[in-house]
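Beneath this line is the structure, given in structure tokens, with notes to follow.
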Amino acid sequence: MQSPLTVNESCLTNTSTKLLRLQTPSYFAFLKSASNPRNLRKRGERKFNHTNLTTTTITTTVRAMPATCSTSIEATSGGNLRNFKHTEASFLASLMPKREIAADKFLDAHPHFDGRGVLIAIFDSGVDPSAAGLQVTSDGKPKVLDVLDCTGSGDVDTSTVVKADADGCICGASGAPLVVNSSWKNPSGEWHVGCKLVYELFTKDLTSRLKKERKKMWDEKNQEAIAKAVKDLSEFEQKHTKLEDPHLKRLREDLQSRVDFLQKGTNSYNDKGPVIDAVVWNDGELWRVALDTQSLEDEPGKGKLADFVPLTNYRTERKFGIFSKLDACSFVTNVYEEGNVLSIVTDCSPHGTHVAGIATAYHPQEPLLNGVAPGAQIISCKIGDARLGSMETGTGLTRALIAAVEHKCDLINMSYGEASLLPDYGRFVDLVNEAVDKHHLVFISSAGNEGPALSTVGAPGGTTSSIIGIGAYVSPAMAAGAHCVVEPPSEGLEYTWSSRGPTADGDLGVSVSAPGGAVAPVPTWTLQCRMLMNGTSMSSPCACGGVALLISGMKAEGVHVSPYSVRKAIENTCVPISSSPEERLTTGMGLMQVDRAFEYIRQSSDIPSVSYEVKVNLSGKSTPTYRGIYLREASACQQAAEWTVQVAPKFHEDASKLDDLVPFEECIELHSSDTTVVRAPEYLFLTHNGRSFNVIVDPTNLETGLHYFEVYGIDSKAPWRGPLFRIPVTITKPVAVINCPPVISFTGMQFCPGHIERRYIEVPLGATWVEATMRTSGFDTSRRFFVDSVQLSPLKRYMKTESVVTFSSPSAQNFSFAVEGGRTIEFAVAQFWSSGVGSQETTTVDFEIAFHGFKIKNEEIILGGSEAPTRIDVGSLLSSEKLFPSATLKKVRIPLRPVTTKLRALPTSRDKLPSGKQILSLTLTYKFKLEAGAEIKPYIPLLNNRVYDTKFESQFYVISDANKRVYASGDVYPEAASVPKGELTLQLYLRHDDVQLLEKMKTMVIFIERTLDNKEVIQLSFYSQPDGHVTGKGSFQSSILVPGSEEAFYVGPPSKEKLPKNCPEGSLLVGAISYGRVSFSGEKNGGDPEKNPVPYQIYYVVPPNQPVEDKKDLSVSASKTVAERIEEEVRDAKMKVLTSLKQSSDEEREEWKKLSESLKSEYSRYTPLLAKILEGLLSQTNIEDKCSHLEEVIDAADEVIDSIDRDELAKFLSQKTVPEDDEEEKTKKQMETTRDQLAEALYQKGVALSEIESLKAESVAADLASDQVGTPSDDSFEATYKELRKWADVKTAKYGTLSVIRERRCRRLGTALKVLNDMINDDEQPAKKKLYDLKLSLIEEIGWDHVATYERQWMHVRFPQSLPLF
């Protein structure tokens, strides 16, 4: 999955920081990894200046390629621009490039075709409707028609309904009292309430800024409180120089505890953000929304609910709000499910606003900063989920398509994407095809930022047939203006980081190119109006704006709008960016030209709107099917092959069968760009049912390197239309490595800024990793290079490694990374486009590549759980290699099955597909328990790591504790999160419209993957003997393998003593095993297989636990008669019945009371019975007369206490003897149980006494409220407390509450806080709300308002009322 496609030019100026989410599985030691599927990387912009340099590259013949326009970019740009100079006007124009695509020329000729009448859906991170240039269109209409959060990340549960009291006051979901405005109409009198932690709505950058500002204000208040506490302590010490009196000592400890608490608070401060209350109601016509944001304001009295100007669904009134002046963040609201769900919509990145600004911004005061189509309107469909940073989700994508169709949009722009293992495949692709083919939407998307290597286009923009994929172009004006380059390139060209085609199935990948950088509007919370960003994220909206101009003109002139005809027009009227045929893979058809495309559309207005679907397969084979011909591997380049091409015209679904399909006939001339390599028939007669023909491709006489050809079809009756369809033919003929050892060198490569060199090598069979050395020379100023490698394998995402290297002076740099033997690898080396500008010296680069590897018979090793070792056979095919095995087990994977399932139809229109199908949701609940806090993540093999190339719609998970506190959430790319010990719940939310598919997933097994602590990590051992694991002899360390030799050895299972805790049987210990080390790394990282070049997976199946011996109770005294034993069994059975009785109603409580009284009369001195009765009283709820109930508790506690012979108990416990037999062991356990029952009774009695004091003893309460220090006259509580101290540690989590109460009664609130904090920190169980409530009340009683506010905010994190909505 991919984040917004924006490149960060770290060496230039301010840009967005979001970039592609990669899934490429790659292993290497010194390169930046592209393997992390959620890796949001800041990657320097890379640019290719295709100048005529003398290099060692094998030159290729320039072949003529079909293009309607032959005018070059250089001519359009005014020739050589090496001495390019800006005027103020041209500088401003370069910040928002339009001239490059001739949008300025088009608008000069057609000023009213500026996007008017066109509606664009922006699928992105959200658009700020308050941003500069996004209020109105050029003709005065509202710019933003709707703002939607399609992900659900801003949803608030407002299903709780309350009524206002006589004063107009309601209780908010946060617990705060809220006053509603008396002027608000609410005929039903029902107010839906909900609340939200506001940081969940903000971006990471905004949250970071607010935290700094709020921390500064909090520190000021805390320092005041510390100063006062220190002053009180100092005054006390001056007044009492001698502290011999224990009472005075305790008072001093209390004052010191207050100082310590405040000082620790400074260090432990962790701002989780304020909570805002939301209120939703129906005014008789519309659902209205108001927010209480007092917690955000720094001025008292601001942000009150009653002062809020109510909002409704943005689409209805197009109004937005601002949370506060501090954040300056705008938001809109939408209400769903009859008021039960409120969506608060904010953006999750500046990216979406920037994209919208490029496409449509309108600045009447400065027209040069207008977007491409200032007259167009937009809807914002937020597909970036704020819970995931800004990553898109399947839910967001599906809802966005539903919204685009519902709003009857003309265009969609999507500047998101990622690598995929299957091009043109998946549920989202199916929905896009329906939107384009049935609803006539033009879908434009970014191609990706993973260049300069080939086959790096991302899904969906570069891999989907129905989407127009856009590459990124930079002009000299942009370089000199927006990028502030001192010496811009002499001609325009593609940014080097722009992703390249072809796709894995041979399609071109990039359709056209457009300017890939702009200074455009950004949200108000950034505290600036505009910002420079660059990437294919920016080229896509530029192209989208250009298409909006075309559609605006088409609508104005009554020309039918079809995505098929629009695409044909822009592709066939592009200006070539380069004369090299191979650059088609970089630039697509070239730089789009709006004016020419419009003339093309005018001329072809009477021609049927048809798309030509091309399918290619090897003759004689029906599968697999391709969209082009891609000969990448060496075996495919060694002989000629015949290919079958099927061309089928595709009409829109609403086309007339009689009027459109039946009469369709075309006589097509077939052309090859080079008949010596690619041969095709001369003509093709095409009807609606399609036609196939054969193509012969003969690459045998080609030199090594990259070659590109095309077979294209021209309408013989209207050749001016240009190619109707194209069959791309890409050939990367690799160099064979014939040296032994396998080393290949490329010397004397010459680089200037932006230059790129590609090398294609057939990786020798048996190679598993590469060690490369790059040497530079011949330059003065520092040089920055990008080194990429790419390999393709079936049903895998491209295997890519990348590195950014800066040479401050001529020197060498080493690299290592994994490869797959027998497959072609591309090495792409590029000098950063602005690196070395102004210097007249070229950089000389020598590259040496050495292949290494082991032949492994069993790459994936599974240790089955027995004591037997596993044999490993390793050989070397290429050169002498040092075999140095290393294996570790670092994670445990625990299988889980759902304990509950819930399938339901989603009730809102935002989840109803354009086809009319309602989307269903399936919620699976899993339970698991951790014995200690750990770092975990879910592993869902069926669903993980696929967004676009999957037939499943979406997934989302939430991990929470018993208090509903959320510790982790995620989607298809789970991330590890730290969670506490105890019972945890994972809820997995799945969506699809196919109920049968969801039914199959009701029993789906998932895994919880726990990262082992360093001390738990298991290092496996290797042996040269099969019994070595048992005998401890024959250890295997290392060996030298010569080419053709093999070595066998054994890996032993971990010893049972080393198995980590909390590993149930059937779990998997997961780790890595490696066999070699990089030669230039020495011993560094050698012991960690994951840091070696090629780690493989190794698993250990946790065996069944050692059976626990069943110890039968043989200690029953033989002296007991059968009657006595029966009497005991009957008594215990009666007690079991008593404990099973419910007490939820008065009748049930009465039944319980009768039985308890009966049992007490029968077993009046049986302590376990009396303890159960006390426990039953404590479990009662909804008590009307609390004082009477507390007195019952005290009486029951006294009965337990009186039933115990405390002298005998004390005497027994004072003995430190070790039990010698089962009888003594049983006696010891009984006495310990009795002690615990006594302590519990004393504790509950003390708590009840303190509660009675606060309820009934008003005189005592008055004394406690005064400044006097002392204890109540009634010493029952103190006596109980002192007695408890004899039997238990009164400062533990179990009994510490009584110590807190005692200190509070004595007005030692600082000491009470200290005891309470120690209890909370020492408690290994999940957080208890009553303890935190007590802590908050103590803080409020002391008068630390700022600390109380902080703790109240944390209460919503620790103890939310419900789990968040999905």
Side-chain angles (χ1 to χ4, degrees), residues 211 214-240 243 246-274 295 980 1250 1264-1269 1271 1281 1289-1359:
K211 282 186 174 183
R214 286 165 54 85
K215 177 67 162 57
K216 182 180 178 181
M217 292 186 288
W218 191 88
D219 280 343
E220 291 174 356
K221 295 176 181 177
N222 201 51
Q223 287 303 317
E224 280 184 32
I226 291 175
K228 183 179 184 304
V230 170
K231 180 183 176 183
D232 292 342
L233 176 60
S234 177
E235 290 176 350
F236 180 87
E237 290 176 337
Q238 290 176 4
K239 184 176 180 180
H240 305 283
L243 298 178
H247 177 65
L248 291 177
K249 287 182 180 180
R250 287 193 288 269
L251 288 178
R252 190 200 176 281
E253 288 174 3
D254 175 68
L255 294 172
Q256 183 64 53
S257 295
R258 299 185 186 211
V259 175
D260 294 343
F261 180 88
L262 292 169
Q263 289 177 337
K264 288 179 181 178
T266 301
N267 299 326
S268 63
Y269 180 85
N270 182 13
D271 183 13
K272 288 295 182 179
S295 58
S1250 68
L1264 291 175
S1266 69
D1267 293 333
Q1268 299 176 9
V1269 177
T1271 57
Y1281 177 80
D1289 182 354
V1290 293
K1291 292 188 178 181
T1292 61
K1294 189 170 185 179
Y1295 304 115
T1297 303
L1298 209 61
S1299 294
V1300 176
I1301 293 171
R1302 179 173 181 258
E1303 296 298 331
R1304 188 176 198 172
R1305 294 172 78 250
C1306 297
R1307 303 298 296 150
R1308 296 192 290 266
L1309 302 181
T1311 306
L1313 260 180
K1314 182 181 184 302
V1315 174
L1316 184 56
N1317 256 355
D1318 291 342
M1319 287 171 54
I1320 291 172
N1321 294 332
D1322 295 342
D1323 193 359
E1324 295 183 351
Q1325 300 301 317
K1328 296 181 177 64
K1329 188 173 184 296
K1330 64 179 182 180
L1331 295 182
Y1332 285 93
D1333 284 335
L1334 181 56
K1335 180 179 179 180
L1336 181 57
S1337 66
L1338 286 171
I1339 292 169
E1340 290 174 336
E1341 194 170 339
I1342 293 174
W1344 295 334
D1345 293 339
H1346 68 292
V1347 182
T1349 300
Y1350 172 77
E1351 287 295 331
R1352 275 192 289 270
Q1353 291 169 4
W1354 260 99
M1355 292 292 282
H1356 294 283
V1357 177
R1358 295 188 181 102
F1359 310 103

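Nearest heavy atom pair, residue Leu262 against residue Ala229, reads CD1-CB, 4.1 Å. Scanning all heavy atoms of the two residues, the minimum distance from Ile1320 to Tyr1332 falls at CG2-OH, 3.0 Å. Across every non-hydrogen atom of Pro274 and Ser295, the tightest pair is CB-OG, 3.3 Å. The shortest non-hydrogen separation linking Leu1338 to Leu1309 is CD2-CD2, 4.0 Å.
Annotation: side chain of Thr1311 is not in contact with side chain of Arg250 (no heavy-atom distance under 4.5 Å). Inter-residue side-chain proximity for Val1300 and Glu1303 is flagged as unmet; no heavy-atom pair is nearer than 4.5 Å. Between Glu1341 and Arg1307, the closest side-chain pair of non-hydrogen atoms falls below 4.5 Å. In this structure the side chain of Glu220 reaches within 4.5 angstrom of the side chain of Lys216, judged on heavy atoms. The side-chain heavy atoms of Lys264 and Asn1317, taken from C-beta on, include no pair separated by under 4.5 Å. Between Arg1358 and Glu1351, the closest side-chain pair of non-hydrogen atoms falls below 4.5 Å. Annotation: side chain of Asp271 is in contact with side chain of Gln1353 (closest heavy-atom distance under 4.5 Å). Contact check for Arg252 versus His240: no side-chain heavy atoms found under the 4.5 Å cut-off.
Expressed to the nearest 0.5 Å, how far CG of Asp1318 lies from OG1 of Thr1292 amounts to 11.5 Å. Interatomic distance, Gln256 CD to Lys249 NZ, rounded to the nearest 0.5 Å: 15.5 Å. A distance of 8.5 Å separates CG of Asp219 from CD1 of Ile226, quoted to the nearest 0.5 Å. Considering CG of Leu1316 and OG1 of Thr1297, their distance stands at 7.0 Å, rounded to 0.5 Å. How far NZ of Lys211 is from OH of Tyr269: 9.0 Å, rounded to the nearest 0.5 Å.
Shown here is Lys215, whose NZ atom has more than 12 heavy atoms of other residues, nucleotides or ligands within 6.0 Å. Atom NZ of Lys1328 has more than 12 neighbouring heavy atoms from other residues, nucleotides or ligands inside a 6.0 Å radius. Counting heavy-atom neighbours within 6.0 Å of Lys228 NZ, excluding the residue itself, gives a total of 12 or less.
Looking only at distances, no side-chain donor or acceptor of Asn222 sits under 3.5 Å from a matching main-chain atom of Trp218. Listed for the Ser234 side chain is no donor-acceptor partner under 3.5 Å among the backbone atoms of Val230.
Ion pairing between Lys1314 and Glu253 fails under the 4.0 Å rule for side-chain N and carboxylate O. Ionic pairing of Asp254 and Arg258 is present here: one or more N-O contacts between side-chain nitrogen and carboxylate oxygen are shorter than 4.0 angstrom. Between Asp1333 and Lys1329, at least one side-chain nitrogen of the basic residue sits less than 4.0 Å from a carboxylate oxygen of the acidic one, meeting the salt-bridge criterion.
Classification of the Trp1354-Tyr1350 ring pair by plane angle, with boundaries at 30° and 60°, yields perpendicular.
No hydrogens or angles considered: nothing links the side chains of Arg1304 and Ser1250 as a donor-acceptor pair under 3.5 Å.
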I would like to know whether Val1347 and Ile1342 meet side chain to side chain contact (heavy atoms under 4.5 Å, CB included); could you show each step before the answer? CA-CA 10 Å; Val1347 182; Ile1342 293 174; over 6 Å; no
Checklist entry - Stepwise, does the side chain to side chain contact (heavy atoms under 4.5 Å, CB included) test hold for Thr266 with Gln263? => result CA-CA 5 Å; Thr266 301; Gln263 289 177 337; 5.5 Å; no
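When ring centroids are compared, Trp1344 and Phe261 come within the 6.0 Å threshold.
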